[in-house]
There are 2 protein chains.
Amino acid sequence: MARAARPGITDVAKLAGVSLSTVSRAMNGNPTVDPALAERVRAAAAQLGYTASPVARSLVLGRTQTVAVVIPDLENPTFQAILRGLSRAAAADGYHVLVADSREDLDEEHALARATRLRTDGVILCAPRMSEDELAEVLPALSPAVVVNRGPQTGTPVVGADYEAGTRQILDHLTALGHRRLVYLAGATRSVTHRARQAAIAAAVRDGDGLEVEEITAGVDFDSGTAVADRVLATGATAVIAYNDLVAMGLLSALTIRLIDVPRQLSITGFDDIPFAAYTSPPLTTAAVPAVELGAAAWTAMHAQLTADEPTPMLTLTPTLVVRGSTAIPHSA
Amino acid sequence: MARAARPGITDVAKLAGVSLSTVSRAMNGNPTVDPALAERVRAAAAQLGYTASPVARSLVLGRTQTVAVVIPDLENPTFQAILRGLSRAAAADGYHVLVADSREDLDEEHALARATRLRTDGVILCAPRMSEDELAEVLPALSPAVVVNRGPQTGTPVVGADYEAGTRQILDHLTALGHRRLVYLAGATRSVTHRARQAAIAAAVRDGDGLEVEEITAGVDFDSGTAVADRVLATGATAVIAYNDLVAMGLLSALTIRLIDVPRQLSITGFDDIPFAAYTSPPLTTAAVPAVELGAAAWTAMHAQLTADEPTPMLTLTPTLVVRGSTAIPHSA
DNA sequence: CTGTTAGCGCTTTCAT
DNA sequence: ATGAAAGCGCTAACAG
C-alpha cells in the first residue's frame, strides 16, 4: 500500500479542470478570479485536503512567515517569559518562531543568529552577550533584526527594560524605610544592566542623605547569593540590593540557615520578579521586569519592519516595584 | 547605494569559472570533485560570503532540517525543561526547532500540529491535551512524530516518565517513615498522569499495611494548593501527596500562614522537582521527573525516524525520589 | 571528473 | 477572467 503523497497544486487544477494559475489565484483570494470558479477550486482543494507547500511559497515569495529568536539561556526565567510573550504575539499575526539557545556561548550566538536568519524573515536577539563591536558588525547582515535588553543600536530597533529606573525605585523604597547603609550584590560586571544599576546607585549616593552603598560582586544565580552571605553580614549593612531574584533567594536561603531574621535584621530586594519571587519566605520585594510584555514589544518591532507600515521607535518599559515581605524598616531605626 | 543582494550559486560559479553543479557538489563535500577545483570553489564562496539558501535546498531535498514542538503551555516549568533538552539535542545534530504554544487550547493544538508539520520534517507533541481518538486520528498525518508523556500509540514513538513508579517511591518513602493516613491531592482528573498516580496509590492501599488514602481534587497550580489547605487539615492525615510541586508549594505556603509545622505536624510531597522545589522552606521532598532528559529522548526518537537507522523503542524514564525537608516521621509516631 | 538539463511546488508576469 | 510560461535557488540524474 503506497502512502498517498501530499496533493500538489497540479492535482487540484486537474480535479477542478482549471490551470495552475487559477488554483493559485483562487487559493490566495485573488479577486480577479470568477467567484463560481473560485468556489469550484476551493471545493477540489478541500476534497483533496490540499494546502499549499509553505516551503515552495517561501522560495518564490522570498519570505518564510517565520522569525528566529536567539536566547543566551533557555533556563533563565526572564528569557522564558520573553519567549512566551514573543511567541504568542507572533502567532497572533500568523508567524512562526524558531528558537535557538546559544547556551551563553559567544561564538554560538553569532553563528546561530546568522544561520537562523537564512531560514527566517528576521531575528530577535535576546540580551546578546557579544561585544558592542561584534553586535554592530553582525546586525546589518541580520536585518531586519530586533535587539532586546541591550543598549541603543543604530539602525536596529531596541526594546528593553529600564534597569536604572527599577533600581531607583528600589533605592527610594529602601531609603524611605530608613535604610542608609546598603550592599549592592553585583552580577556579571560587564553586563549592560549592571552598569544601569550602578548608575542609579551612584546618583542616589551623590544626592546625599548620608546613603552609603558597598558593592560586592556575587554573580547571577542562586548559589552566588548563598556564597556571599557571610560577607554581606560582615558589612553591617541593614539592607541588600541583590542583582536579581535568584541571587536574592540564594542569600535569603543562606540567611535563614544562619537564623538571621529577614526583614527584621536585614532587608533584601531582588530584581525581575520571576514566578517564584512571590513564594519565598518571606516573599521577595523586587522590581518586576515586564518580560512577557518585552517579548510582545519585540514582536511588534519586528512586525513593523516586516510590513514597513508603522514606525519602530526604541521602546523602554519601566519595571514596577513590588513590595513584599523581605523589606522593612531597619533594626536600628 | 544598492544593497548587495545575497550572492547565489550562480555568482560563485561565475567567479570560480565552473558550472553550477560543480559549485553545488563542492559545497556539499561531494568527493567526486577535483580537490583543486573544490578548493577554488570554496575560496570563491568565501570571498563572496556565499551560503546556500536553506529554503531552496529544502524545496528540492524535501527536508527542512527543522522540527516542530507543540507545547500546551510555555509557562509550565516542566515543558520549559523538555523544550530545553530537546532544543539542545536537536541543535547538536544540526537541526532547528520551531516552537508552538497551544495555550491549552484543544483546537489550536490540532491546528498548530498540522500547520507546523508542513514547514518541518516532523513534530513532537508534548503532553497533548486532545482526546485519545483525536490523537490517533491526527498522528498519521504528522508522521514522523513523537509523543511525550502520553499513553502508548500505535506507530508513533512515545517517550515519557513513569508517574506510577514515581508515586510508588513517594508512597514507600512515606510509609517507611510511618505514615498510614494520607491525602492525595488530585490534579486534572482526566489526565493520564493522574490515573497513573491513582493506580500506584490503589495498589499500595490494596497491599494492606493499614494504609488509608483520601483523595481531594485540587488542581495543578499554586493557588489550588492554598485553596485546599483547610480541607486537608480536616482529614487528620499525617502526610499529603500533592499532584505536583506547584500544588505542594501552594499548600505549604497556606500551612505556614496557619502556623502548621511542616514536616513535624504534616509531611508534604510534590512531583516534578521544578527548579524552585529545592528552595522552599522547608525544601520539598519530591519525585524528580527528568524533563530535560525527556526532551533529549524525544529528540533521539525523532532523529531515529528522520535517519531511519536506529530503532525507536518506546522509552520510559523513571523519576527519582528526592528526599528533602518537607517529609519526616509522623507527629503521632 | 565536470557540464547540461530537468525539475522541487509554487507565484506571477505576460499574453489572450 | 484565464492560461502559458518563466522563474525563485538549488540538487540530481544524465550525458560526456
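Lettering of chains follows the sequences in order, A, B, ..., and the numbering in each one begins at 1.
The aromatic rings of B/Tyr95 and B/His303 lie perpendicular to each other, with more than 60° between the two planes, well past the 30° mark.
Distance B/Ile9 CD1 to C/dT5 P: 16 Å, rounded to the nearest Å. For A/Leu118 and D/dC10, the CG to P distance is 10 Å, given to the nearest whole Å. If you measure from atom CG of B/Asp11 to atom C1' of D/dG9, you get 11 Å, rounded to the nearest angstrom. Put simply, CG on B/Leu20 is 9 Å from P on C/dT4, counting in whole angstrom units. Atom CD of A/Gln65 and atom P of C/dT11 are 12 Å apart (whole Å).
One N or O donor and one acceptor, one from the side chain of B/Ser21 and one from the base of C/dT4, sit under 3.5 Å apart. The base of D/dA12 does not come close enough to the side chain of B/Ser24 for any donor and acceptor atom to sit less than 3.5 Å apart.
Here B/Glu108 does not pair with B/Arg103 in a salt bridge; the nearest charged N to carboxylate O distance is not below 4.0 Å.
B/Ser53 is not listed as a side-chain neighbour of B/Arg57, based on a closest heavy-atom distance of 4.5 Å or more.
B/Thr316 pairs in a side chain to side chain contact (heavy atoms under 4.5 Å, CB included) with only one of the listed residues (B/Val159, B/Asp162, B/Leu294, B/Val158), which is B/Asp162. Just one residue in the list B/Val148, B/Val146, B/Leu135 forms a side chain to side chain contact (heavy atoms under 4.5 Å, CB included) with B/Leu125, and that residue is B/Leu135.
Residues of residues 50-63 of chain A that place a heavy atom closer than 4.0 Å to DNA chain D, in numerical order, are A/Leu59, A/Val60. Contact check of residues 25-46 of chain B against DNA chain D (heavy atom, cut-off under 4.0 Å) returns B/Arg25, B/Asn28.
Atoms CG and OG1, from B/Asp272 and B/Thr78 in turn, are 4.0 Å apart once rounded to the nearest 0.5 Å.
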Task: Audit row: B/Asp73, A/Arg88, salt bridge (Lys or Arg N to Asp or Glu O under 4.0 Å) steps and yes/no - done: CA-CA 11 Å; B/Asp73 178 14; A/Arg88 292 178 176 178; 3.4 Å; yes
Open item on the list: With salt bridge (Lys or Arg N to Asp or Glu O under 4.0 Å) as the criterion, how do B/Glu132 and B/Arg150 come out once you've worked through the C-alpha distance, each side chain's angles and the decisive distance to 0.1 Å?
Closed with: CA-CA 9 Å; B/Glu132 205 63 32; B/Arg150 242 337 250 282; 2.9 Å; yes
